[in-house]
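Quick caveat: nothing in here was measured; it's all calculated off a predicted structure.
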Amino acid sequence: MANHRISLEGNSCEFQQEGQDTVLRAALRAGVGFPYECNSGGCGSCKFDLLEGEIENLWPEAPGLTERDRRKNYLLACQCRATSDLKIKMRPAQEYVPPIAPQRRKATFVGSVDLTHDIREFRFVAEGVADFLPGQYASLTIPGIESPRAYSMSNLANAQGEWHFQVRRVPSGKATERLFHKLAMGDEVEIDGPYGLAWLREGGCRS
């Protein structure tokens, strides 16, 4: 897909959307403090107003928008992909600037461990450092599954490029069926991350 420039009304900030990225992921990769939480259409935190340009709406019925939002023509950045240059209206905020810029990377499945009767830890290795904060998550593109799935990392950041995820088997779940029964040693997935705001802040409260 072509790259598209996205600019903010009343702000000198602009960024590029590349490939299959959504507006939200393009913003976060560029270090823009675009408000968000779930990154999957459920919370509504990434609402924006489209002023100029054309988009592809990946999930028009996403529950993150109320009927009032839809009447006001609001859109969800996590469910929109630019098909032309855009001008949008939203309020960036410093607290949403990613502490670690999310990146896409190919990772190889290297093993798994059963933790309970329905929870298994899946382990992947990618080139480069595995850089993330405790409490963050990544989006996995699993072979044979149309849409990515989000899972929290269960290990710590490391120089060996290891990404571990503890996944609960969901009855009739397409993604977990694939992970638990079809994933073979050496298979590749795409890991996109890190994302998430619920990361561990050091220091805590002081008495």
>> Is the shortest side-chain heavy-atom distance between E95 and L197 below 4.5 Å?
In response: no
> When clusters are formed by joining ILVMFWY residues with side-chain heavy atoms under 4.5 Å apart, either directly or through shared neighbours, do F15 and I55 land in the same one?
Replying inline: yes
> What distance do K87 atom NZ and E14 atom CD have between them, rounded to the nearest 0.5 Å?
Replying inline: 10.5 Å
>> Under a 3.5 Å threshold, yes or no: a donor from one side chain and an acceptor from the other, between R149 and S147?
In response: yes
>> What verdict does the side chain to side chain contact (heavy atoms under 4.5 Å, CB included) test give for I6 and I88, after you've listed the backbone C-alpha separation in whole Å, the side-chain angles of each residue and the deciding distance to 0.1 Å?
In response: CA-CA 7 Å; I6 300 173; I88 66 174; 4.0 Å; yes
>> A side-chain contact here means heavy atoms from C-beta on lying under 4.5 Å apart; do F180 and R120 qualify?
In response: yes
> Around E146, counting heavy atoms of other residues, nucleotides and ligands shown, do more than 12 lie under 6.0 Å from its CD?
Replying inline: no
> Are H164 and Q166 linked by a side-chain donor-acceptor pair shorter than 3.5 Å?
Replying inline: no
> To the nearest 0.5 Å, what is the distance between CD (Q160) and CD (E127)?
Replying inline: 14.5 Å
>> If you apply the rule side chain to side chain contact (heavy atoms under 4.5 Å, CB included), what do you find for M153 with F165, and how did you get there?
In response: CA-CA 5 Å; M153 280 72 77; F165 304 92; 3.5 Å; yes
> Should I145 and V167 be regarded as members of a common hydrophobic cluster, given that ILVMFWY residues are connected when their side-chain heavy atoms come within less than 4.5 Å of each other, either directly or indirectly?
Replying inline: yes
> Can you name the closest pair of heavy atoms from G41 and L76 and give their distance?
Replying inline: O-CD1, 3.8 Å
>> If I compare all heavy atoms of L179 with all of F122, which pair ends up nearest, and what's the gap?
In response: O-CE2, 3.3 Å
>> Once you measure the plane-to-plane angle for Y36 and Y195, does it fall in the parallel (<30°), tilted (30-60°) or perpendicular (>60°) bin?
In response: perpendicular
> For the residue pair A184 and F109, what are the closest heavy atoms and their distance?
Replying inline: O-CD2, 3.3 Å
> Distance only, no hydrogens: is a donor on one side chain within 3.5 Å (strictly under) of an acceptor on the other, for E121 and S112?
Replying inline: no
> Does any non-hydrogen side-chain atom of N57 lie less than 4.5 Å from one of L75?
Replying inline: yes
> Counting only N and O atoms by type, is there a donor-acceptor contact under 3.5 Å from the side chain of N158 to the main-chain atoms of L156?
Replying inline: yes
> Step by step, would you call K174 with E177 a salt bridge (Lys or Arg N to Asp or Glu O under 4.0 Å)?
Replying inline: CA-CA 5 Å; K174 293 181 179 179; E177 174 71 18; over 6 Å; no
>> I want to check something: taking the side chain as every heavy atom from C-beta on, are L58 and R81 in contact at a cut-off of under 4.5 Å?
In response: yes
> Shared ILVMFWY cluster between Y96 and L8, side chains joined below 4.5 angstrom?
Replying inline: yes
> Any chance the rings of F132 and W199 have centres within less than 6.0 Å?
Replying inline: no
> How far does CD of E67 sit from NZ of K72, to the nearest 0.5 angstrom?
Replying inline: 13.5 Å
> Which residue, Q103, R105, R25, forms the side chain to side chain donor-acceptor pair (under 3.5 Å) with D192?
Replying inline: R25
>> Let's go through T141 and V189 carefully: what are the C-alpha distance in whole Å and the side-chain angles of both, what is the deciding distance for side chain to side chain contact (heavy atoms under 4.5 Å, CB included) to 0.1 Å, and is it a yes or a no?
In response: CA-CA 6 Å; T141 300; V189 302; over 6 Å; no
> With distance as the sole test, does R70 use its side chain to make a donor-acceptor pair with the main-chain N or O of P60 at under 3.5 Å?
Replying inline: yes
> Can Y151 be reached from V110 by stepping across I, L, V, M, F, W or Y side chains whose heavy atoms are under 4.5 Å apart?
Replying inline: no
> What's the shortest heavy-atom distance between P92 and M90, and which atoms?
Replying inline: CD-O, 3.4 Å
> With a 4.5 Å heavy-atom cut-off, do T108 and F124 have their side chains touching?
Replying inline: no
>> Tell me whether N155 contacts the main-chain N or O of E162 through its side chain, where contact means a donor paired with an acceptor under 3.5 Å.
In response: yes
> Quick one: does N73's side chain get under 4.5 Å of L50's, heavy atoms only?
Replying inline: no
> Do the rings of F48 and F34 sit parallel, tilted or perpendicular, given the 30° and 60° boundaries?
Replying inline: perpendicular
> To the nearest 0.5 Å, what is the distance between CD (E56) and OG (S84)?
Replying inline: 12.0 Å
> Can a salt bridge be assigned to the pair D21 and R29 using a cut-off of 4.0 Å between side-chain N and carboxylate O?
Replying inline: yes
>> Counting only heavy atoms from other residues, nucleotides and ligands, does the tally under 6.0 Å from CD of E54 exceed 12?
In response: no
> Any idea which heavy atoms bring P98 and L28 closest together, and the distance?
Replying inline: CG-O, 3.3 Å
>> Restricting to non-hydrogen atoms, name the atom on Y137 and the atom on C38 that form the minimum distance, rounded to 0.1 Å.
In response: OH-O, 3.2 Å
> Hey, mind stepping through R5 and L86 against side chain to side chain contact (heavy atoms under 4.5 Å, CB included) and telling me if it holds?
Replying inline: CA-CA 6 Å; R5 181 174 58 85; L86 304 181; over 6 Å; no
>> To the closest 0.5 Å, what do you measure between NZ (K47) and SG (C78)?
In response: 12.0 Å
> Quick one: does D114's side chain have a donor or acceptor within less than 3.5 Å of a partner on T116's backbone?
Replying inline: no
> Does the Q136 side chain pair with the main chain of L133, one donor and one acceptor, at a distance under 3.5 Å?
Replying inline: yes
> Got R168 and T176 here, is their nearest side-chain heavy-atom distance under 4.5 Å?
Replying inline: no
